[in-house]
2 protein chains.
Amino acid sequence: MSGTSLTEVAKAGGVSLATASRVLNPHNEHPVSDEVRARVLAAAASLNYSVNALARGLKVKRTRVFAAIVHDFRDPFFNTVARGVTNAAEAAGYLTVVCDSSRDPDKERRYVQLAQEQRVAGVLFVGGGLTSRSYREAMRQQIATLQSYGAHAIALEPRGSRMPAEIPDNRGGARRATDHLVELGHERIAFIDGPEQVLTSRERRRGYQDGLEAAGIALDERLVASGGFTEEGGRAALVRLLDAGVPFTAIFASNDAMAIGCMVELRARGLAIPHDMSLVGFDDIQTVRWFDPPLTTVRVPMEEIGAAGVARLLALLDADGGEPPGGRLVNVHPTELVVRASTAPPGRGKARS
Amino acid sequence: MSGTSLTEVAKAGGVSLATASRVLNPHNEHPVSDEVRARVLAAAASLNYSVNALARGLKVKRTRVFAAIVHDFRDPFFNTVARGVTNAAEAAGYLTVVCDSSRDPDKERRYVQLAQEQRVAGVLFVGGGLTSRSYREAMRQQIATLQSYGAHAIALEPRGSRMPAEIPDNRGGARRATDHLVELGHERIAFIDGPEQVLTSRERRRGYQDGLEAAGIALDERLVASGGFTEEGGRAALVRLLDAGVPFTAIFASNDAMAIGCMVELRARGLAIPHDMSLVGFDDIQTVRWFDPPLTTVRVPMEEIGAAGVARLLALLDADGGEPPGGRLVNVHPTELVVRASTAPPGRGKARS
DNA sequence: CTGTTAGCGCATTCAT
DNA sequence: ATGAATGCGCTAACAG
């Protein structure tokens, strides 16, 4: 019921506890004779010995576990980043606790709390933070506590805290997407915004504004609606826009999930993409290439960002006790416009008339 | 750097270590005066105290962590089940380590190993096991070791081991999907199989055979191709089937990912769904309802299965030391055919001619 | 190269 | 109702 302990392995191998530890602990440099080593290994194998990471962690004050807190497990954006994290972590011998906060700040807080109790070596926040003062203050406080326990925090989307971050170039990507539409000749471009209070939304909206401004097009607030980064929300936002009667020939949805919602609604109304309406998304989640038409979108290097976050964490961990590794606090990963078939010059579609 | 310990809280609160433990440990029943309790709580709060779950776990020989091992993080089937698991676990105060094995048995083994070292309370296997003797033997061995350390293992897809399981009715669902096609008048129904060595594939294939048999249709092996449960694989399998020239009017893909691959290929060949070809999937992952046409598929209660797995684990944990809770070893969760627009009676489509 | 020892932070007897 | 003492399994000095 309670498994085998090192003491038992030592006894079975006819050596002391210390010696057994030395051969079974991969990070131990202490020399051990080949013969003794073999004996201990054999004893461990025959007893199905498995180190107790709790005891080890208690002793060395450091575990090999990370926590990744994501907004929504089912969103391909998040689970792809999470996969980048878990793969990179596993390669370094770390396990990753993945937590789905359901975009609930309180649940997020509870998860950080639990992770802290487990004395994780680091927590990665995957998903933008909220803009509110109170949220940022609470987060700052929480991270300070985390650090007092020796853990590091990393952001993989803007968080507005002073923590190290590996984030996509949201603003630049949104700018390029807008430019693309402008270059095709669109002048009335609707924008489907993410949740208002989320920093990621804000950055992408900014990029949209940049693009409009550069083209000398005035921002028309009636062409902007929030879709909460979900398919249903995106669809609902488009319904509002279309029903409002203000004409537009293209839609820039600030994430792919909402773009999918738009596709569904356009199809339901018999509006052809891109003939009647051009559509651009953001993220380049895997599924959008299977849709008809394949979606033009902005590629975010999701797995790469996840892996970079882990590398960052590992570097921080190694540097502990020395000075922090050089380099910027925030690394911005370039995003890239992927033109597929959902965009074209404005036609004389129904939406225009 | 090393955080606050209970000892410090006790000192700050002017009480003994034992007393501090009694008020801070939620599972402790020991009476403590309100005044002392308040003092300790205040001290803990002002010091930002957070229990060390490692020390606690070492002492009580039990952690509040589960491990969920999934085949592929990015597949909506798996991440949806995983979300059911993490949510249910969090509600019970447990954290879940989610591991993506990339369908690699060796990686799966390493993850179980790591989880065991962390002394997780339970391991949930999400995704079918392999049929091979060696795999099943190794798995049996591994589970035995896990249990010797007090952990429980649960399967959320057929595993062919004697472990408790909460699995979908794969065979029945596949049977119903086949019946549906037969009832529409199809007689030549192609089947896109999952990976051959995976038990889930085998169950679904069996259901397909059941349906054919009930309808008096002989199984034609030339109408079966394996697609490995991925979009690309499904598409490639369909290419082979189509190019082989053996006519058929409907396709039953044994998971939605492969059905999506089929849709893409049919579209590329100008074959209309369902006019030229009917198509059925399996799982009812969220995206398939957004496709054009929305896919007819077999719904698997994914989150429910995840939650059931956690409930099962919790019951096993509570019962430890007593007799195991009554009930079947394997609980089968009903699946349900969801008819959407990708199926219709056979037309005179090109595939037939 | 091997062995002895101390103590990580906590829950839990056993006293009081 | 509170406190003192013990040990979970392990690593890392320190001795030899």
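In what follows, every heavy atom counts, from backbone to side chain, and hydrogens, waters and symmetry copies are set aside. We name chains A, B, ... by the order of the sequence lines, and we start the count at 1 in each one.
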From D:dC14, D:dG3, D:dG9, nucleotide with atom closest to A:Ser5 side chain: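 The listed nucleotide nearest to A:Ser5's side chain is D:dG9.
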
A:Ala18 side-chain proximity, nearest of C:dT4, D:dT2, C:dT12: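 Out of C:dT4, D:dT2, C:dT12, the nucleotide with an atom closest to A:Ala18's side chain is C:dT4.
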
In plain terms, say whether [X] and [Y] are close enough for a salt bridge, that is, a side-chain N and a carboxylate O under 4.0 Å apart.
X        : Y        : answer
A:Arg159 : A:Glu108 : yes
A:Arg74  : B:Glu303 : yes
B:Arg83  : A:Asp72  : yes

[N] [atom2] sits how many Å from [X] [atom1], rounded?
X        : N      : atom1 : atom2 : result
B:Leu6   : D:dG3  : CG    : C1'   : 14 Å
A:Asn25  : D:dA13 : CG    : C1'   : 15 Å
B:Leu17  : D:dA1  : CG    : P     : 20 Å
B:Arg22  : D:dA5  : CZ    : C1'   : 13 Å
B:Glu117 : D:dG9  : CD    : P     : 16 Å

B:Phe73 and A:Phe73 aromatic centres sub-6.0 Å: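 Yes, the ring centres sit under 6.0 Å apart.
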
Picking from B:Glu157, B:Glu166, B:Met302, what satisfies side-chain contact (heavy atoms from CB on, under 4.5 Å) with B:Val81?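 Exactly one option meets the side-chain contact (heavy atoms from CB on, under 4.5 Å) with B:Val81, and it is B:Met302.
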
Hey, can you pull the residues of residues 26-34 of chain A with a non-hydrogen atom under 4.0 angstrom from DNA chain D?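 Nothing qualifies; none.
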
Check each residue of residues 49-65 of chain B for a non-hydrogen atom within less than 4.0 Å of any atom in DNA chain D, then write out the ones that pass by number, or none.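 Those residues are B:Leu58, B:Lys59, B:Lys61.
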
Would a distance-only check, ignoring hydrogens and angles, find a side-chain to backbone donor-acceptor pair under 3.5 Å from B:Arg103 to B:His71?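 No: the side chain of B:Arg103 does not pair with the backbone of B:His71.
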
Does B:Gln142 reach the main-chain N or O of B:Arg109 with its side chain, forming a donor-acceptor pair under 3.5 Å?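 Yes: the side chain of B:Gln142 pairs with the backbone of B:Arg109.
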
Over 12 foreign heavy atoms within 6.0 Å of CZ, A:Arg162: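 Atom CZ in A:Arg162 is not packed in, count stays at 12 or less.
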
For a quick test of reading the model: is some side-chain N or O of A:Ser21 closer than 4.0 Å to OP1 or OP2 of D:dC10?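 Checking A:Ser21 against D:dC10: no side-chain N or O falls below 4.0 Å of OP1 or OP2.
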
Side chains of A:Thr96 and A:Val65: closer than 4.5 Å at any heavy-atom pair?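 Counting from C-beta outward, A:Thr96 and A:Val65 never come under 4.5 Å.
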
